[in-house]
Number of protein chains: 2
Amino acid sequence: MATSRTDPLTLEVIELIGSVVARYYEEYEQAAAAHSLTGAQARVLGLLSVEPLPMRRIAQKLKCEPSNVTGIVDRLEARGLVERRPDPADRRVKLAAPTERGAATAAQLRDALDFAREPLAGLSAADRTVLRDLLRRMLGSA
Amino acid sequence: MATSRTDPLTLEVIELIGSVVARYYEEYEQAAAAHSLTGAQARVLGLLSVEPLPMRRIAQKLKCEPSNVTGIVDRLEARGLVERRPDPADRRVKLAAPTERGAATAAQLRDALDFAREPLAGLSAADRTVLRDLLRRMLGSA
DNA sequence: TATTGTTATACTCTATAACTATA
DNA sequence: TATAGTTATAGAGTATAACAATA
């Protein structure tokens, strides 16, 4: 680890990853703002567009306290993008699910993000395969 | 772009980059929290540890409104990590600079982050060179 | 008793607009 | 008049603690 801090190559890679992270976040927020959504709202809407979730599960996915999810879903619900449904199996649970409009918004958001992440277009299929394998190994190792 | 959305390889790379971004942010927040700092405070402290900056410049680097920087620097100053100095060249300007303690905290933060980004250790020097070149091309192309 | 979701509270970050002191 | 920094205000996200309904 002492070596990694002084190794110029590693430092440059770290800096590049920092740049990727910054660009990704920036574009994510822009895409959300284009629909007058905050980043957190867009994230929740994206999660729910995959499958409806109990409030508790949303908090786990977001790595935040469940009490925060109440407000985020409240605001999505007030805009008609999400609705709360009872869980037939457990009356304590509320399932948050996208409305039709919410699902459409989530799809648009997803497309915008795919486009935003399009710097990958500069890489050939072979390049992308190499990049995929390197990222897999990076993420798998820790 | 239509192709990119349906190409499974590209989709996987996009998802992997998303994972890298999530991990990076998570670890950044953890490192900051270990020093009882918020992400924004840690970011500003990191910026100032490179060089003292006028309030306005900090806002530009953070891509936020200058009025927000006042509070962030206030809180860093209240904790004795940053101080405001007059700019001899322009009496309107206040230069924010880390104190000795602030510089030490910034250094610790940097080390913790380098360590956190250590998944790179799983890659050989040759791998890292390839990764660096791919990231450079990704970032350069847009 | 334990769990789900909510409310209440307090803090931070954010943008907007108006203010001050310089330039 | 223009610019740098601040203040005031309001909205959103966050954590903590306490609560009601249900298990």
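First the proteins, then the strands, lettered A, B, ... as listed; each starts at 1.
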With sequence neighbours excluded, tell me which residues meet side chain to side chain donor-acceptor pair (under 3.5 Å) with A:R91.
none
Considering residues at least two apart in sequence or located in another chain, which fulfil the side chain to side chain donor-acceptor pair (under 3.5 Å) criterion with B:S49?
B:R110
Which pairs of donor and acceptor atoms, one on a side chain in residues 53-63 of chain B, lie under 3.5 Å apart (sequence neighbours left out)?
from	atom 1	to	atom 2	distance (Å)
B:R57	NH1	B:Q60	OE1	2.6

Side chain to side chain contact (heavy atoms under 4.5 Å, CB included) involving B:S19 - partner list, sequence neighbours excluded
A:L139
Which residues, ordered by chain and number, are linked to B:V50 in its hydrophobic cluster, where ILVMFWY side chains connect at heavy-atom gaps below 4.5 Å, directly or through other members?
none
Could you state the interatomic distance from CZ (A:R79) to OG1 (A:T99), rounded to the nearest 0.5 Å?
10.5 Å
Quick one: CG on B:L95 to CD on B:E83, what's the gap to the nearest 0.5 Å?
10.5 Å
Which residues within residues 50-72 of chain A lie with some heavy atom under 4.0 Å of an atom in DNA chain D?
A:C64, A:E65, A:S67, A:N68, A:I72
Do any of residues 73-84 of chain A sit with a heavy atom less than 4.0 Å from DNA chain D, and if so which?
A:R75
Side-chain atoms of residues 37-46 of chain A: list all donor-acceptor pairs with protein atoms under 3.5 Å, sequence neighbours left out, distances to 0.1 Å.
from	atom 1	to	atom 2	distance (Å)
A:T38	OG1	A:Q41	N	3.2
A:Q41	OE1	A:T38	N	3.2

Residue pair [X] / [Y]: nearest heavy atoms and the distance that separates them:
{"X": "A:R85", "Y": "A:P52", "value": "NH1-CG, 4.2 Å"}
{"X": "B:L48", "Y": "B:A97", "value": "CD1-N, 4.3 Å"}
{"X": "A:G102", "Y": "A:P98", "value": "C-CB, 4.2 Å"}
{"X": "B:V13", "Y": "A:R128", "value": "CG2-O, 3.7 Å"}

Which is more 5' along DNA chain D, the nucleotide nearest B:L95 or the one nearest A:A40? Just name the residue.
B:L95
Answer yes or no: does a side-chain N or O of B:K94 lie under 4.0 Å from OP1 or OP2 of D:dT6?
yes
Expressed as a whole number of angstroms, how long is the span from A:E29:CD to D:dA12:P?
14 Å
Is any side-chain heavy atom of A:V20 closer than 4.5 Å to a side-chain heavy atom of B:I17?
yes
A:D127 versus A:S124: any side-chain heavy-atom pair under 4.5 Å?
yes
Degree of bending, the helix from C:dT1-D:dA23 to C:dA23-D:dT1 (end axes from five pairs; round to 10°)
10°
Using a heavy-atom distance cut-off of less than 4.0 Å, which residues of residues 85-93 of chain B contact DNA chain C?
B:D90, B:R91, B:R92
Outer limits of DNA chain C sitting under 4.0 Å from a non-hydrogen atom of chain B, read 5' to 3', are C:dT12 to C:dA23
Any residue meeting salt bridge (charged side-chain N to carboxylate O under 4.0 Å, His left out) with A:D87, in chain and number order, not counting sequence neighbours
none
